[in-house]
Amino acid sequence: MMLLAVGLSFAPVMAAPATSSTLEPPVPAPSGSSRATPPGAVIASAHALSTDAGMEIIRAGGNAFDAAIAVSATLSVVEPISSGIGGGGFFLLHDARTGRDVFVDARETAPESATPAAFLDGKGELNRDRSVNGPWSAGIPGLPAALVHLAERYGRLPLKTSLAPAIRIAREGFPIYARLERGYGSRREVMERYRGTRAVFLADGTPPQVGETLRQPDLARTLELLGEKGFDGFYRGDVAKKLLASVKEEGGKWRADELAGYRVKEREPLCFKYRGWDVTTAPPPSSGGVAMAQILQILEGWDLSKLDPAQRTHLVVEAMRRAYRDRTIYLGDPDFVQVPVARLTSREYAAGLRASIHPDKALPSALLSGKPAPLEDDETTHFSIIDADGNRVSATQTVNLLYGSGLVAPGTGVLLNNEMDDFALRPGTPNAFGVMGFEANAPKAGKRMLSSMTPSFIESKDKVAAIGAPGGSRIITEVLLGILAYDDGLAPQQVAALPRIHHQWMPDVISAEAGALAPETVKALEAMGHKVNAAEQPWGNLQTVAWDKAGNTLEGGTDPRNPVGKADVMPAPSK
Ligand code: DON
């Protein structure tokens, strides 16, 4: 199966925070008191141009939500490998005016044509080509609707103002960087199947190369139409017609009413407590919040800071194993299936799972039932924003695998996602991330495929942070380790750089980045019965920002594994 590993350069925990920034207040806050509003704005995202676009909009008088539109749309332009307006995402918002947290679900939906049978080959096996390449792999996009929704409900500026930086960059172009070139190389055969894709990525006759400029005039025009006409600029009219025609030309089936009928959903975020932190995170159709609530509440039974690395890793892994097992069985779109969220996230259930953990013996995943599976890859994108009013955004958006389905609809610049692979297209058959599912996550017309995207906030008496990451099924454990690191007192840049480990029940193995576990820790874990892959390629691309309310400082952290990311802080203009 396709393993789309992306070799990102790795920096150790205490790496010099080349792209982090800290803003010290002009006058320290009086000791013991917390400030009501931050001293400026902070943005962390996976590309310097998207962070700069967000700051441009803040300078123009926008709030965090306007900035989120600018960052999101710019990422769609400069990181087509990871996300785009042909895909979807989740936006977790904190509205300082009302104090309300809201989860904007802009996940793609299944078209009616996407029956389970449509994804099987003649032998009844999963047709992998259909599930990850071309029109059948694409769900109805949600991201454009999210941008419209953010502008209408939460922003201060017109949508077209917030989209202006992305439109400019799409039209004028931006320098191609190594990850785009490498990703193209690994998806080349698929990308070059489609005439719309060739027109964008082979405009000069050769594949994208570092140092060249990628210009996307059709995408600029599509974003302009979105800015001028709002929802109808994408989901009805000329763009919609071209999307439908392209899906049809390549052998897929979407209906006009499926595009025009797309709606974002506002959901209550999932909230729970962990050691003095209020955690606000992603509800279904993400599996991330439920899994994190399970894992953190299991772990609350121990003081992790007092444990040696092997014991700590053992307990964290055992908690992960149990949460990922439940993900497989119970999680899906709550508008279509009953997800027992209250039970799965209850303290009592966590206590029961905790009691099943042996202090120094791994529980083989086979005893929790299931099948082994392949893993992983490394796209999708996250950004985090806090503004000077205390508004916050934690957003993760995606086209799923590298360059999504590979299909650009001619004349639109829109690269369609391959999110359909996140459904359990064939019960019990692992998807590209090695995670599987059953009835709860079976495809159905209008249903949203289960996600691992976990945009989150954590807040204590003294600190607020927004955090999130890409990484497929590893997103949940990336965010989880980030929260544990904040709890250990690390700063945002250290949180982003932290070496990673992961366990997802199946396959029954601890994945660890090279250097994440010391050799003696690996030995101790093996003695407890764990299988450890101790030198995997680095993964993830965590972007986090934090406001230290007590010291009144803002700080951002960007993942050093991604050399083009940027965290930046801008002081509020003095009043
Ligand atoms: O929603 C999800 O969980 C996946 N489609 C995210 C894909 C992803 O993170 C790809 N990168 N590794």
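Just so you know, ligand 1 is whichever comes first in the structure, and atom 1 is the first atom listed for that ligand.
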Exercise. Do M436 and R327 pass the side chain to side chain contact (heavy atoms under 4.5 Å, CB included) test, and can you show the C-alpha distance, the side-chain angles, and the key distance before you say yes or no?
Worked result: CA-CA 9 Å; M436 55 193 160; R327 177 196 195 278; over 6 Å; no
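- Between P470 and ligand 1, a contact under 3.5 Å exists for no N or O pair.
- For Y235 (side chain) and P141 (main-chain N/O), a donor-acceptor pair under 3.5 Å exists by modelled atom type.
- Contacts between I475 and ligand 1 below 4.0 angstrom, taking non-hydrogen atoms only, involve the side chain exclusively.
- With hydrogens and angles ignored, the 3.5 Å screen pairs a side-chain donor or acceptor of S50 with a backbone N or O of H47.
- Within ligand 1, the atoms closer than 4.0 Å to a non-hydrogen atom of M453 are 1 (O), 3 (O), numbered from 1 in the order shown.
- Distance check, rounded to the nearest 0.5 Å: CD1 of I476 to OG1 of T454 gives 5.0 Å.
- Of the heavy atoms in E419, only side-chain atoms (C-beta onward) come closer than 4.0 Å to ligand 1.
- On a distance-only criterion, N400 and ligand 1 share at least one N/O pair closer than 3.5 Å.
- For the pair N417 (side chain) and G139 (backbone), a donor-acceptor distance under 3.5 Å is present.
- Heavy atoms of R107 approach ligand 1 to within less than 4.0 angstrom.
- Annotation: cation-pi geometry satisfied between R343 and Y349 (NZ/CZ under 6.0 angstrom from ring centroid, within 45° of ring axis).
- Residue-ligand proximity: F433 is placed with a non-hydrogen atom under 4.0 Å from ligand 1.
- Counting atoms of ligand 1 from 1 in the listed order, those under 4.0 Å from a heavy atom of S452 are 1 (O), 2 (C), 3 (O).
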